[in-house]
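Take a look at the structure set out below.
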Amino acid sequence: MWLSTAAKGMWPFVVVFVCQLVTSSSATNPCCSYPCQNDGMCMTTGHDTYMCDCSNMDFYGDHCEHPTLMKRIKTWLRPDTETTHYLLVEPKYKWIWNIVNNLTFLSRRIMKVIYMLRADVLDSPPIYNSAHSYVTLDAAFNRSLYSRILPPVPEECPTPMGTKGPKELPDVDLLIKKFFTRTKFLPEPTGSNVLFSYFAQHFTHMFFKTDFQKGPGFQWGNHGVDMSNVYGKDKAAENRLRSFKGGKFKMQLVKGEEYPLPVSKTGAEMVYPKHVREEHKYALGHSLFGLLPGLFVYSTVWMREHNRVCGILAKTHPEWDDERLFQTGKLIILGETIKIVIEDYVQHLSSYNYQLLFVPDVLFGEPFQYQNRIAAEFNHLYHWHPLMPTNFNISGTVYELKDYMFHSELVIKHGFANVLDSMIKQRAGLMSHHNHGPGTLHVLRDSIIHQRQLRFQSLNNYRKRFNLAPYTTFEELTGETVMAAELEKLYHDVDAVEMYVGMIVEKRRHRAMFGSSVIEIGGPNSVKGLMSNYICSPQYWKPSTFGGEVGFDIVNTASMQKLFCQNIKGKCPVVSFRVPDYDENETIETWDGKLPHDEL
Ligand code: HEM
Ligand SMILES: *[C@@H]1O[C@H](CO)[C@@H](O)[C@H](O)[C@H]1NC(C)=O
Ligand SMILES: *[C@@H]1O[C@H](CO)[C@@H](O)[C@H](O)[C@H]1NC(C)=O
Ligand SMILES: *[C@@H]1O[C@H](CO)[C@@H](O)[C@H](O)[C@H]1NC(C)=O
Ligand SMILES: *[C@@H]1O[C@H](CO)[C@@H](O)[C@H](O)[C@H]1NC(C)=O
């Protein structure tokens with residue numbers, strides 16, 4: 001036994017020796033060219049030598065290039081990601097999934113495999129953050145930084161992407177003008193509506209919280225699904241929203257419906273521009289959620305749901321005080337959120353015909369880490385601003401961005417049910433090139449600049465990290481020739497294309513909302529973030545955590561439809577993330593294939 005361990009321990013030294021003989025001498029860090037394959041760890045062993053550490057991997061060899069026999073068999077048995085995706089979304093295979101969805105045992109089995117395979121791709125605990133281009137202890141302990149999926153490109157490398165591409169990356173404004181700016185609204189081809197866009201924004205902003213004052217690598221959240229988007233960032237913020245009666249939020253009644261209170265009545269810390277009238281500055285869980293009426297809608301409906309749940313808990317537990325009702329209500333709301341995110345939201349965005357499930361118990365007894373860290377790359381790939389249409393149409397009144405930004409009161413003015421109905425009926429934008437509306441171009445600009453400051457590796461390096469084939473040509477990346485030619489002029493080498501820019505110009509996957517990179521890189525981060533939540537652990541995941549069977553049942557049967565319809569006055573529409581008049585065979589408007597001229 002000890003012999004084999006010793007032999008394993010010797011292995012890296014053998015590799016060092018070999019590599020020191022084979023590398024050519026050059027002044028720069030030899031790891032800049034990313035010589036190690038299959039996520040093998042590159043470490044310099046002198047000024048111009050390196051080793052690839054393939055320990056604990058399914059690969060061996062000087063550059064971790066050889067798969068083990070087991071890995072070969074696994075790869076051979078497992079269909080590639082494109083085939084899997086095709087089987088999952090293509091209508092002609094729908095009948096298979098209809099059967100699978102009905103077989104509880106089988107569909108739970110599949111769900112377990114999805115959870116495990118997706119989560120397994122990520123480092124847990126994390127090993128990198130943006131402060132260092134190598135493994136540090138700080139990456140795991142210091143929670144004030146986002147983690148990193150891949151470490152920053154070392155400062156001393158000859159080009160921003162290592163050794164490939166130009167010494168200076170293309171001008172940001174030129175990129176924005178050529179590839180990002182919306183000239184004509186491009187609708188989302190799978191039929192997504194604005195209710196979907198706002199869900200994405202409202203949900204993810206509880207953990208995508210960059211501390212811009214400290215820098216783009218810093219964050220002020222809790223690295224996961226903590227419901228701070230509804231309850232506030234900390235205890236003090238939470239207390240300002242509470243009534244301290246029956247566990248409920250303090251809310252006001254307007255036309256018989258509950259709404260959040262104005263800031264002046266709560267002392268909540270909210271960010272509003274000066275021109276907003278005092279009574280229209282509402283106190284919400286997130287300081288920036290006054291920004292858009294859709295965020296106000298979601299904040300309101302979750303607060304109503306919390307109060308509704310507390311009412312039910314108070315009936316089953318007359319012995320409980322305000323604090324216990326509040327705390328248990330919050331656990332239920334968190335459970336409902338994950339249920340809805342997986343079974344309604346991710347279900348929609350995946351376009352899968354397989355019905356996804358939220359079943360934490362399938363992971364019990366499996367090697368699974370109930371801890372999570374938000375990666376800077378995950379935040380950036382979630383910049384889905386093209387989803388936002390240029391205008392917002394509420395019951396036939398069309399508002400421009402400037403007229404609805406910071407105007408939460410429009411929701412009360414038009415009525416909650418009407419606004420909900422409008423959000424369902426209005427089509428979202430295609431998350432792709434030439435579709436950033438004028439209101440979000442400055443956000444895009446900042447985020448490209450931040451990605452450069454954070455020294456993100458190339459899109460192709462991220463693709464390799466997530467077991468996707470790197471693109472070999474620009475045409476293969478974009479699936480066309482016009483943008484491809486222009487990108488080639490700017491980046492010289494397809495291995496130098498930046499992560500986010502690449503994701504936006506990338507060709508769309510068959511019947512999907514995005515290209516394969518957003519899906520295959522976002523997917524693991526999303527699944528891990530949801531299923532590693534503390535409430536999914538065997539110690540939390542039981543009825544008593546949620547106030548008994550009644551509360552556990554609320555979690556296990558939650559849906560978008562119920563969330564809205566149990567908390568709304570008047571006629572409740574069919575609540576869906578897809579516009580009601582969606583036709584899967586429609587011919588939609590796509591990019592006209594023209595690029596703006598060179599001059600800015
Ligand atoms: C018209 C609607 C929207 C506007 C005006 C808007 C505006 C903004 C602004 C001002 C920022 C701060 C970035 C900075 O200062 O550099 C931001 C960040 C962000 N937005 Fe949006 N946004 C909108 C819609 C969305 C949607 C639909 C999503 C979908 C998920 C989204 C995702 C994000 C993310 C992930 C961040 C980064 C947050 C952070 O790092 O703290 N946004 N947005
Ligand atoms: C699934 O099962 C239910 C009840 O057993 C049945 O009504 C339904 O038709 C089945 N669906 C499919 C697609 O087989
Ligand atoms: C976390 O890392 C940042 C950047 O390196 C540093 O400024 C900060 O002091 C660290 N925080 C802790 C608690 O160590
Ligand atoms: C606004 O939405 C209503 C339906 O809610 C629709 O009848 C109308 O055509 C829309 N107007 C515009 C300009 O999109
Ligand atoms: C779309 O086209 C397919 C094949 O032509 C057809 O089977 C399907 O019913 C159509 N869907 C709609 C919503 O019309």
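Both ligands and their constituent atoms are indexed starting at 1 by order of listing.
- At the shortest separation from atom 10 (C) of ligand 4 among protein heavy atoms lies N393 ND2, 2.4 Å.
- Using modelled atom types, one finds no donor on one side chain facing an acceptor on the other under 3.5 Å when comparing R148 with N129.
- The CZ atom of F208 lies 4.0 Å from the CZ atom of F378; values are rounded to the nearest 0.5 Å.
- Close contacts of ligand 1 with W384, meaning ligand atoms under 4.0 Å from a residue heavy atom, involve 29 (C).
- Contact annotation for atom 14 (O) of ligand 3: protein present (non-hydrogen atoms, distance under 4.0 Å).
- Checked by atom type and distance alone, the side chain of E409 never pairs as donor or acceptor with a backbone atom of H280 at under 3.5 Å.
- Side-chain atoms of S559 and E343 form no donor-acceptor pair, as typed in the model, at a separation below 3.5 Å.
- At least one N or O atom of T210, backbone or side chain, sits closer than 3.5 Å to an N or O atom of ligand 1.
- Taking the charged nitrogens against the carboxylate oxygens, R465 and E377 have no contact shorter than 4.0 Å, which rules out a salt bridge.
- Here the heavy atom of the protein found nearest to atom 30 (C) of ligand 1 is Y382 O, 3.5 Å.
- Contact annotation: F141 has no heavy atom less than 4.0 Å from any atom of ligand 3.
- Judged by distance alone, with hydrogens and angles left aside, the side-chain atoms of Q219 form a donor-acceptor pair with the main-chain N or O of R143 at under 3.5 Å.
- Within the 3.5 Å criterion, the main-chain N or O of H286 finds no donor-acceptor partner in the side chain of N229.
- For atom 5 (O) of ligand 4, the closest non-hydrogen atom on the protein side is K425 CD, 4.0 Å.
- Atom CG of residue N567 and atom CH2 of residue W302 lie 9.5 Å apart, to the nearest 0.5 angstrom.
- Atom 38 (C) of ligand 1 has as its closest protein heavy atom F208 O, 3.7 Å.
- Near L292, meaning under 4.0 Å from one of its heavy atoms, ligand 1 places the atoms 2 (C), 3 (C).
- Of the candidates Y198, F392, F212, F212 brings a heavy atom nearest to atom 14 (C) of ligand 1.
- Ranking the protein heavy atoms by distance from atom 15 (O) of ligand 1 puts D446 OD2, 3.9 Å first.
- Nearest non-hydrogen protein atom to atom 9 (C) of ligand 1 is V443 CG2, 3.5 Å.
- A salt bridge is defined here as a Lys NZ or Arg NE, NH1 or NH2 lying under 4.0 Å from an Asp or Glu carboxylate O, and K281 with E278 meets this definition.
- Backbone and side-chain nitrogen or oxygen atoms of Y404 are examined, and none is located within less than 3.5 angstrom of a nitrogen or oxygen of ligand 1.
- The closest side-chain donor-acceptor pair between T210 and N379 falls under 3.5 angstrom.
- Scanning all protein heavy atoms for the shortest distance to atom 4 (C) of ligand 1 gives T440 CG2, 3.8 Å.
- Within 4.0 Å of atom 7 (O) of ligand 4, not a single protein heavy atom is present.
- Among all protein heavy atoms, the one lying closest to atom 35 (C) of ligand 1 is N379 OD1, 3.5 Å.
- Looking only at protein heavy atoms, the nearest one to atom 4 (C) of ligand 3 is F218 CZ, 3.7 Å.
- Looking at Y354, its side chain does come within 3.5 Å of a backbone N or O of M111 through a donor-acceptor pair.
- If you check which protein heavy atom lies closest to atom 36 (C) of ligand 1, you get H383 NE2, 3.6 Å.
- Close approach of ligand 3 to S144 (heavy-atom distance below 4.0 Å) involves ligand atoms 1 (C).
- With atom 34 (C) of ligand 1 as the reference point, the heavy atom nearest to it among R445, H205, H442 is part of H205.
- The residues R427 and E589 are annotated as not salt-bridged, no charged nitrogen and carboxylate oxygen being separated by less than 4.0 angstrom.
- With distances taken over non-hydrogen atoms, the option nearest atom 2 (O) of ligand 3 out of N129, N142, T136, D138 is N142.
- With hydrogens and angles ignored, the 3.5 Å screen pairs no side-chain donor or acceptor of H433 with any backbone N or O of I504.
- Nearest to atom 23 (C) of ligand 1 by heavy-atom distance, out of Q201, K209, M388, is Q201.
- In summary, the side chains of S517 and R463 do present a donor paired with an acceptor at a separation below 3.5 Å, with no hydrogens or angles considered.
- Counting backbone and side-chain atoms alike, H385 contributes an N/O/S atom closer than 2.8 Å to atom 21 (Fe) of ligand 1.
- Within the structure, ligand 1 lacks L387 among the residues with a heavy atom less than 4.0 angstrom away.
- The atoms of ligand 1 that sit less than 4.0 Å from any heavy atom of S197 are 27 (C).
- Within ligand 4, the atoms closer than 4.0 Å to a non-hydrogen atom of V398 are 13 (C), numbered from 1 in the order shown.
- In the model, H306 has a side-chain atom that pairs as donor or acceptor with a side-chain atom of Y231 under 3.5 Å.
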